[in-house]
Visitor: 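A single structure is presented below for examination.
The structure presented is a predicted model; accordingly, all values stated were derived computationally and were not measured.
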Amino acid sequence: MDFTPTEEQRAARELAARVFADLATHERLRSVGTGTDAGLWRALCAAGLPGAVEEVGLLGLVLLLEEQGRRTAQVPFAASCAYGILAVSRHGTEEQRARLLPGLRAGTTVMTGAFPGTGTIAPGGGAGGGRLSGVVDGVPWLRDADHVLVPDRDRTLWLVRTEDAAAVEAVELTAPWAAARLVLDGTPAERLGTGGPGAHGDVLAAARTAFAGLQAGVCAGSLARAVEHTSVREQFGRPLSTHQAVQLRAAEAHMDTEAIRVTAYEAAWRFDAGLDAAGAALTAAWWASEAGKRVVHTGQHLHGGAGADLDHPVHRHFLWGRQLDAYLGCGTELLAELGDLLAEPSAAALPPGGPAPSARSSVDPSVDPSVDPLAAPLTVPSTRGEPA
């Protein structure tokens, strides 16, 4: 596996870093409140970043979301790309792609996903179109969305226009994600694509990977702030960063951040290569959940009393880290699902969202190491000199 970014991925990441650094400032984020920064979203769309996702792939999207996470920028980037652009481009019909993708690329149309929704949404109606009933709590960026991708209890994916929903009830989450409760009551819906059995697992793996990448950026931003603070704050006549206890906490947080990043890169690489990514996505989500909350706790702790200030920038990283932990499913839940996936490799025994391992999966002992990409040397790109 080689995670070195392509020229296109590197250029997109650098452009995203500039846009977020210029516009997602602490002062601006404070003025936005708990809603979406519409001006920042327009700037990202004007730069062509949402539209670039089809070209740079899921790995490129993870790189872009790292930059968003560093700044905790309040835009529906992850949701609209994972549940919108990638889902429609990979699984939509030709007519759906022609109708939806231009707006999604330009950012004039926003899509989110009502995941996890399996088991709570009841389908009804015909094969191509139907009606859905049920409730999904805390759908991220639903207040901004024009469409929402909804999985029913049979893991079929449906497109629902938010204006057709019985209710979209605003809720405030731990992080300011412009979330809402989706209420469906015989709501008209359109099946995404032909309703193939692999679509749900594919979209779920992509979303888990994308949000894990977002968490990698949140953690990197929290750690960078902690390193800056401890380098200038003095205690007993010397900077806090010279104390061994502080160095150990920062080093552990750095290793956790790198674990989140590399597992997200692996899942994205496998996804883009057309390999089974269900297990890798679960692994990335587990690291993002478990290690992510450790990192944001460390970032706040190393700020001392300042970290308890609700208006301090590091507190935003804490809120985002804990929200991503909850959204991804929490570590024990993900670990149980991953254990089921490893223990029951047949398609019939997999949990919801987990397709069968491919013939080139690392759990297949018959694979020839000379041609299996998993046997190739692992190359991880530079992390841009982030502090340890």
Visitor: Which of these passes side chain to side chain contact (heavy atoms under 4.5 Å, CB included) with Y265: L59, L58, I260, T209?
Guide: L59

Visitor: Side-chain contact, heavy-atom cut-off 4.5 Å: R161 with E190?
Guide: no

Visitor: Who passes side-chain hydrogen bond (donor to acceptor under 3.5 Å, both in side chains) against R225, sequence neighbours left out?
Guide: H317

Visitor: I'd like to check R261 versus W287 (side-chain heavy atoms, cut-off strictly below 4.5 Å). Are they in contact?
Guide: no

Visitor: Looking at residues at least two apart in the chain, or sitting in another chain, which of them share a side-chain contact (heavy atoms from CB on, under 4.5 Å) with A52?
Guide: none

Visitor: Using the ring of each side chain (for Trp, its six-membered ring), is Y83 parallel, tilted or perpendicular to F211, with breaks at 30° and 60°?
Guide: tilted

Visitor: Is there a side-chain contact between R97 and E94, using heavy atoms and a 4.5 Å cut-off?
Guide: yes

Visitor: Testing W41, W177, F77 for ring pair (Phe, Tyr, Trp, His ring centres under 6.0 Å) with W141, which one passes?
Guide: W177

Visitor: We want to know whether D325 and S289 form a side-chain donor-acceptor pair, criterion being a heavy-atom distance below 3.5 angstrom.
Guide: yes

Visitor: Taking the six-membered ring of F115, is the NZ or CZ of R208 close enough (under 6.0 Å from the centre) and on axis enough (within 45°)?
Guide: no

Visitor: Supply the atom-to-atom distance E67 CD to L214 CG, rounded to the nearest 0.5 angstrom.
Guide: 11.5 Å

Visitor: What residues, two or more places apart in sequence or in another chain, satisfy side-chain contact (heavy atoms from CB on, under 4.5 Å) together with H297?
Guide: K293, F318, R322

